[in-house]
Amino acid sequence: MSVQAFLYVVAVILIVLAALPLPTRGVSLALLGAACALLAYAWPVITD
């Protein structure tokens, strides 16, 4: 599995967890998932 695919999988998991009513202390799982998805999207540009 490539790094880009791994980052997309982590982003999807974080966004799904953000939709659940779980108590998180100051950490927005949705924003973390969005940042991870953006990193996965930009991975070819970053590593080129």
Side-chain angles (χ1 to χ4, degrees):
M1 180 186 293
S2 68
V3 175
Q4 188 178 18
F6 174 74
L7 288 171
Y8 273 127
V9 168
V10 169
V12 169
I13 290 171
L14 286 172
I15 292 172
V16 167
L17 285 177
L20 298 175
L22 299 173
T24 57
R25 295 179 176 248
V27 178
S28 175
L29 294 178
L31 285 178
L32 194 59
C36 194
L38 184 61
L39 179 64
Y41 180 75
W43 189 255
V45 176
I46 294 170
T47 58
D48 189 27

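Model, not experiment: these values are computed from the prediction. We count residues from 1, following the sequence as given.
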Which distance, rounded to the nearest 0.5 Å, do you find between the [atom1] of [X] and the [atom2] of [Y]?
X	Y	atom1	atom2	answer
Leu39	Ile46	CG	CD1	5.0 Å
Ile15	Leu20	CD1	CG	12.5 Å
Leu17	Thr24	CG	OG1	10.0 Å
Trp43	Phe6	CH2	CZ	11.0 Å

[X] with [Y], same ILVMFWY side-chain cluster at under 4.5 Å:
X	Y	result
Val9	Leu32	yes
Ile13	Leu22	yes
Val10	Met1	yes

Can you name the closest pair of heavy atoms from [X] and [Y] and give their distance?
X	Y	result
Leu7	Cys36	O-SG, 3.3 Å
Ala18	Ala30	CB-N, 3.4 Å
Ala11	Ala37	CB-N, 3.6 Å
Tyr41	Tyr8	CA-OH, 3.4 Å

